[in-house]
Amino acid sequence: MNKTIKWIVIGCVVALLCIAAFFIVQLIPKPEPLPEDSGVGEDYVRDGQSIYTVAAANVDSVEVWNENDTFSVRLGEDGNAVIVGREGVPVLTASVNGLYESVQDIRVESVIASNVQDLSDYGLQEPQATLTVHKTGTNADDVFYLGDKTPDGDAYYFCKSDSRDVFAVSTYFAERLLKTRSDYYSAVISAAYAEEDFVSLGIEYPNAENNIFVRMCTQEEIDSKQYESTMITTSPFTNGADSDTIRADVATVRNLNATRIVDDDPADLSVYGLDQPIVVKITVDIDKTQALIDNITNTYYDPSAEDGDIETVTMTYRVGSKGDNERYVMYGDANVVYAVESSCFDFAEQPVDHFCQRLISIRYLKDLNYFTVERDGVSYRIDVSVTTEDDKTTYAGSYQGRTLDGPSMQNLYKQIIGLSNYGMGEDPQTEPMMTIVLHGKDGVETKMEFLPINEDELYAFARVDGGGRFLILTSKLDIIWQNTQTLITGGKVSA
């Protein structure tokens with residue numbers, strides 16, 4: 001009896017489970033057949049349905065046509081997609097790869113309608129864009145049309161050319177097809193580097209005699225104390241360079257992005273002033289251990305790099321003329337004309353003295369035995385003595401055995417050594433209007449001669465140790481002469 005009851009109970013449980021399963025299945029929504037032409041509501045379901053697949057190996061190229069451009073992409077030798085016919089143009093690799101790979105599995109946001117009678121209702125009779133998948137080993141291309149935006153603005157109508165079924169695709173997918181090829185070009189025309197990475201600046205002109213080259217000093221050159229800063233020019237002549245000016249110039253094009261792509265296949269470079277360009281070369285040492293430099297991806301980053309590992313990179317720009325608030329340039333080997341802000345590379349059109357140190361000569365007072373100042377046949381010799389005690393240096397001066405005020409002598413010497421250039425000049429071969437000679441403890445003399453320039457009373461030509469290039473203000477010479485006389489007569493010279 002007990003066994004019979006047990007089996008009855010088991011049977012009842014099984015029956016109840018079957019009934020429950022039946023009702024649960026009924027509650028699951030069933031897929032509905034495509035309506036013949038249902039129109040479009042604003043609440044269509046985004047289901048991510050795949051409507052087309054093709055193996056990557058079977059894709060030869062992907063062609064895009066839209067109202068503004070026609071172009072194709074295919075895989076390059078390095079496995080990344082390139083724009084056909086513009087293989088040498090730097091591109092946004094992820095974006096071009098994304099376009100190429102997107103056809104391998106085209107998924108839609110929603111099924112809109114099947115067997116549509118009038119494709120013009122969806123902007124597909126005259127589509128905004130056409131997508132063509134050219135397959136390897138066959139002439140049977142697959143073609144798709146992109147139509148209008150859906151009413152909610154979140155998708156676009158889409159169909160295959162040989163079908164009247166209409167789908168909605170995402171704006172992300174659609175916008176790939178609405179771009180021009182230049183939208184896929186990279187606007188980055190500089191390696192990422194920090195200000196302290198600077199190594200050298202070269203500016204090459206159509207007339208090579210005017211070429212300028214500026215570089216960082218070697219430690220030996222720094223120790224020589226011949227130069228005002230840590231940079232020198234070595235072309236068109238060797239001279240101390242103005243590091244503040246040069247760093248400011250280079251900063252205007254550091255981590256540079258183009259404002260637009262002007263021409264990706266220029267036929268006549270003279271249109272852009274690039275038939276005889278100014279060539280600017282900026283060399284930097286990039287730290288390979290940094291993934292980001294100033295929050296910009298370092299393309300030379302190497303996760304296995306160790307401290308001190310650097311990549312020396314030279315960025316080459318061909319600089320052309322200016323257009324409307326922009327300047328035309330070409331970068332590296334790319335046959336592309338870019339536009340940058342109008343002020344970019346203005347420094348390349350500056351005369352060489354723009355890059356030179358301001359001071360015409362550098363000698364430290366502590367390194368001198370004496371100095372002389374001569375004008376109109378009258379010469380004054382001022383002897384220098386230096387004492388150092390408890391890391392404090394004290395200067396004293398004397399003239400014909402009479403002690404001079406030390407701080408006043410220092411102030412006079414600052415005016416002498418502070419003579420700065422006011423542009424380039426040519427030696428007029430006239431008699432000096434003033435001569436200053438610095439006699440070093442090392443036996444080396446520095447002779448500075450200042451020559452009048454014809455009737456020009458504003459500037460004098462500065463000749464240092466027999467050679468010279470720069471002009472100085474004659475008014476500065478007048479002040480030095482007056483203060484020299486003040487000093488030797490026991491007066492005070494202010495800074």
Side-chain angles (χ1 to χ4, degrees), residues 27-74 81 83-84 94-136 138-181 183-184:
L27 293 173
I28 297 175
K30 298 181 176 63
E32 297 180 3
L34 288 177
E36 293 223 343
D37 190 353
S38 61
V40 181
E42 296 188 5
D43 298 321
Y44 55 81
V45 179
R46 292 174 172 82
D47 54 17
Q49 176 183 338
S50 177
I51 64 165
Y52 175 81
T53 60
V54 60
N58 294 334
V59 179
D60 176 67
S61 64
V62 177
E63 180 181 340
V64 173
W65 171 92
N66 58 47
E67 296 172 348
N68 299 307
D69 205 355
T70 301
F71 62 96
S72 297
V73 300
R74 64 157 40 106
I83 295 177
V84 178
S95 297
V96 180
N97 284 343
L99 172 61
Y100 180 82
E101 295 166 0
S102 66
V103 303
Q104 296 171 26
D105 185 8
I106 298 177
R107 292 181 173 270
V108 298
E109 296 278 277
S110 179
V111 177
I112 298 300
S114 66
N115 195 25
V116 169
Q117 300 303 310
D118 189 356
L119 289 175
S120 63
D121 291 343
Y122 306 94
L124 292 164
Q125 193 67 45
E126 296 181 3
Q128 292 192 68
T130 298
L131 172 67
T132 304
V133 181
H134 297 283
K135 294 185 289 188
T136 56
T138 177
N139 293 323
D141 301 331
D142 294 321
V143 181
F144 302 86
Y145 298 147
L146 183 74
D148 296 337
K149 265 191 176 183
T150 56
D152 66 357
D154 289 341
Y156 283 78
Y157 299 122
F158 187 77
C159 73
K160 195 173 179 183
S161 64
D162 59 1
S163 170
R164 303 189 76 81
D165 294 341
V166 177
F167 306 92
V169 292
S170 69
T171 55
Y172 183 76
F173 177 85
E175 286 171 357
R176 282 174 168 158
L177 311 183
L178 296 174
K179 291 180 178 179
T180 65
R181 64 180 179 274
D183 293 325
Y184 285 96

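Worth knowing before you read on, the calculation uses all heavy atoms, side chains too, and leaves out hydrogens, waters and symmetry mates.
The aromatic rings of Phe144 and Phe158 sit parallel, their planes meeting at an angle under 30°, below the 60° perpendicular limit.
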Asp105/Ser50 under side-chain hydrogen bond (donor to acceptor under 3.5 Å, both in side chains): CA gap, chis, key distance, verdict: CA-CA 7 Å; Asp105 185 8; Ser50 177; 2.6 Å; yes
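With sequence neighbours left out, Thr130 forms a side chain to side chain contact (heavy atoms under 4.5 Å, CB included) with Trp65, Pro127, Thr132, Val143, Tyr145. Not counting sequence neighbours, the partners of Glu101 by the side chain to side chain contact (heavy atoms under 4.5 Å, CB included) test are Asn97, Gln104. Considering only residues two or more places apart in sequence or on other chains, Ser95 meets the side chain to side chain contact (heavy atoms under 4.5 Å, CB included) condition with Leu92, Tyr184.
Looking only at distances, a side-chain donor or acceptor of Thr150 sits under 3.5 Å from a matching main-chain atom of Ala155. A donor-acceptor pair under 3.5 Å is formed between the side chain of Asp165 and the backbone N or O of Asn115. Of the possible donor and acceptor atoms, one in the side chain of Gln128 sits under 3.5 Å from a partner among the backbone N and O of Gly147.
Remark: the Tyr52 side chain and the Asp142 side chain contain an N/O donor-acceptor pair separated by less than 3.5 Å. Remark: the His134 side chain and the Asp141 side chain contain an N/O donor-acceptor pair separated by less than 3.5 Å.
Using a 4.0 Å cut-off between charged nitrogen and carboxylate oxygen, Arg74 and Asp60 count as a salt-bridge pair.
Interatomic distance, CZ of Arg176 versus OH of Tyr100, reported as 14.0 Å (0.5 Å rounding). We find the CZ-CD distance between Phe167 and Gln49 to be 6.5 Å, quoted to the nearest 0.5 Å. Rounding to the nearest 0.5 angstrom, the gap separating the CG atom in Leu99 from the CG atom in Asp183 is 11.5 Å. Here the CG-CD1 distance, from Leu124 to Ile112, works out to 10.5 Å after rounding to the nearest 0.5 Å. Between Leu131 atom CG and Lys160 atom NZ the span is 11.0 Å, to the nearest 0.5 Å. The CG atom of Asn58 sits 7.5 Å away from the NZ atom of Lys135 when rounded to the nearest 0.5 Å.
Nearest approach of Ala129 to Leu177, heavy atoms of both residues: CB-O, 3.6 Å.
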